[in-house]
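Written below as structure tokens is the structure these notes are about.
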Amino acid sequence: MTPPQRPGRSEQTVCTPPVFLMAVKRLLGLKEFSWDLAASPENAVCPWYYTEADNALTRSWQTDGVAWCNPPYAHLAPWVEKAYHESRLDCESRLDCGKSVMLVSAGVGTNWWRDWVDGKAHVLCLNGRLTFVGHTDAYPKDCALLLWGLTPPGYRVWNWRV
């Protein structure tokens with residue numbers, strides 16, 4: 001029997017494992033991310049970041065580089081919708097604007113996945129569960145890395161530990 005879900009009650013401010021971030025940067029050929037879109041001073045992955053108080057959903061995500069986002073999993077719909085819209089903006093004056101990478105739980109049966117991910121993002125289904133910083137057990141659900149503005153939409157499985 002599957003344990004009952006607790007939407008909005010689970011911890012929402014976890015740190016992405018550094019070993020996973022290194023694998024993502026290596027995959028994308030990045031030295032660093034340009035902006036962390038959902039962070040705190042304790043868990044930001046780069047010097048420039050939006051906190052919960054800054055509310056990244058009301059701000060521009062246009063940067064010269066690639067933005068990182070590990071949003072609160074309790075309310076993913078507005079985050080993936082924002083990523084999609086930001087990737088569609090006309091950015092002729094900037095080389096890398098509209099490019100973002102988002103770590104999410106792989107909610108393939110949700111409306112937000114249908115509306116803002118499928119056919120709109122490049123999806124890397126993670127092979128290998130993540131153990132977030134400060135935790136001893138792996139996250140109990142499958143996760144995916146969503147790429148907007150970096151590569152055409154599609155799906156593939158990524159063994160990130162290799």
Side-chain angles (χ1 to χ4, degrees), residues 7-8 10-108 110-126 130-135 139 141-153 158 160:
S10 60
E11 184 179 2
Q12 297 297 308
T13 57
V14 296
C15 296
T16 307
V19 66
F20 178 72
L21 286 165
M22 288 184 341
V24 172
K25 289 188 271 188
R26 186 172 50 251
L27 173 75
L28 299 175
L30 297 174
K31 184 177 178 183
E32 293 296 333
F33 288 103
S34 60
W35 205 269
D36 189 332
L37 303 169
S40 70
E42 297 77 32
N43 70 11
V45 304
C46 60
W48 299 99
Y49 57 91
Y50 289 136
T51 65
E52 185 177 358
D54 295 325
N55 192 0
L57 295 173
T58 65
R59 308 273 184 140
S60 172
W61 292 9
Q62 303 305 306
T63 68
D64 289 324
V66 178
W68 168 260
C69 189
N70 182 0
Y73 289 4
H75 305 287
L76 286 170
W79 292 93
V80 294
E81 180 180 1
K82 175 78 169 173
Y84 171 71
H85 288 299
E86 288 286 329
S87 74
R88 307 291 296 167
L89 295 175
D90 181 17
C91 314
E92 292 179 16
S93 64
R94 291 192 173 140
L95 180 64
D96 291 330
C97 72
K99 295 181 179 183
S100 63
V101 178
M102 187 178 293
L103 177 62
V104 299
S105 59
V108 298
T110 62
N111 291 341
W112 62 260
W113 189 280
R114 179 200 62 214
D115 295 342
W116 306 112
V117 176
D118 187 41
K120 294 177 174 70
H122 189 84
V123 179
L124 299 175
C125 302
L126 302 185
L130 296 174
T131 300
F132 290 97
V133 174
H135 293 262
Y139 184 69
K141 298 179 182 178
D142 291 327
C143 288
L145 194 66
L146 308 178
L147 312 175
W148 280 279
L150 292 158
T151 187
W158 179 42
W160 63 273

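Counting only distance, with no hydrogens or angles, the side chain of D54 and the backbone of A56 share no donor-acceptor pair below 3.5 Å. Although no hydrogens or angles enter the test, the distance criterion places no donor-acceptor pair under 3.5 Å between the side chain of E86 and the main chain of G98. For S87 (side chain) and G149 (main-chain N/O), no donor-acceptor pair under 3.5 Å exists by modelled atom type. Put simply, the side chain of R59 never gets that close to the backbone of Y50: no donor and acceptor are under 3.5 Å apart. Side chain of D115 to main chain of W112: no donor-acceptor pair is present (N/O by atom type, distance under 3.5 Å, no hydrogens or angles).
Looking only at side-chain heavy atoms (C-beta outward), S40 and E52 stay at 4.5 Å or farther from each other. Side-chain atoms of V101 and L30, non-hydrogen and from C-beta on, never get closer than 4.5 Å to each other. Using a 4.5 Å heavy-atom cutoff, the side chains of W116 and L146 are not in contact. A heavy-atom distance below 4.5 Å is not found between the side chains of D36 and C69. Within the 4.5 Å cutoff, no side-chain heavy atoms of Y139 are placed close to those of D142. Looking at heavy atoms from C-beta onward, L103 lies in side-chain contact with C143 at the 4.5 angstrom threshold. In this structure the side chain of W68 reaches within 4.5 angstrom of the side chain of T16, judged on heavy atoms. The closest side-chain heavy-atom distance from N70 to W79 is not below 4.5 Å.
Ring pair W160/F20: centre-to-centre distance below 6.0 Å. Between W148 and Y84, the distance separating the two ring centers is not shorter than 6.0 angstrom. Centroid-to-centroid, the aromatic rings of Y49 and F33 stay 6.0 Å apart or farther.
Residues K25 and K31 approach most closely at CD-O, 3.6 Å, considering heavy atoms. When all heavy atoms of P17 and F132 are compared, the closest pair comes out as CD-CD2, 3.9 Å. Of all heavy-atom pairs between L150 and S100, the closest is CD1-O, 4.0 Å. Nearest heavy atoms, L147 versus T151: CD1-CG2, 4.0 Å. Scanning all heavy atoms of the two residues, the minimum distance from C46 to S34 falls at SG-C, 4.0 Å. Nearest heavy-atom pair across T63 and V66 is OG1-N, 4.3 Å.
Note: L21 CG to C15 SG = 10.0 Å, rounded to the nearest 0.5 Å. M102 contributes atom CE, which lies 8.0 Å from atom CG of L76 (distance to the nearest 0.5 angstrom).
When only modelled atom types and interatomic distance are considered, S60 and Q62 share no side-chain donor-acceptor pair under 3.5 Å.
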Next on the checklist: Working note: L27 + V24, criterion side-chain contact (heavy atoms from CB on, under 4.5 Å); need CA distance, chi angles, decisive distance, verdict.
Outcome noted: CA-CA 5 Å; L27 173 75; V24 172; 5.6 Å; no
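Summarising the local packing, CH2 of W48 is surrounded by 12 or fewer heavy atoms from other residues, nucleotides or ligands at distances under 6.0 Å.
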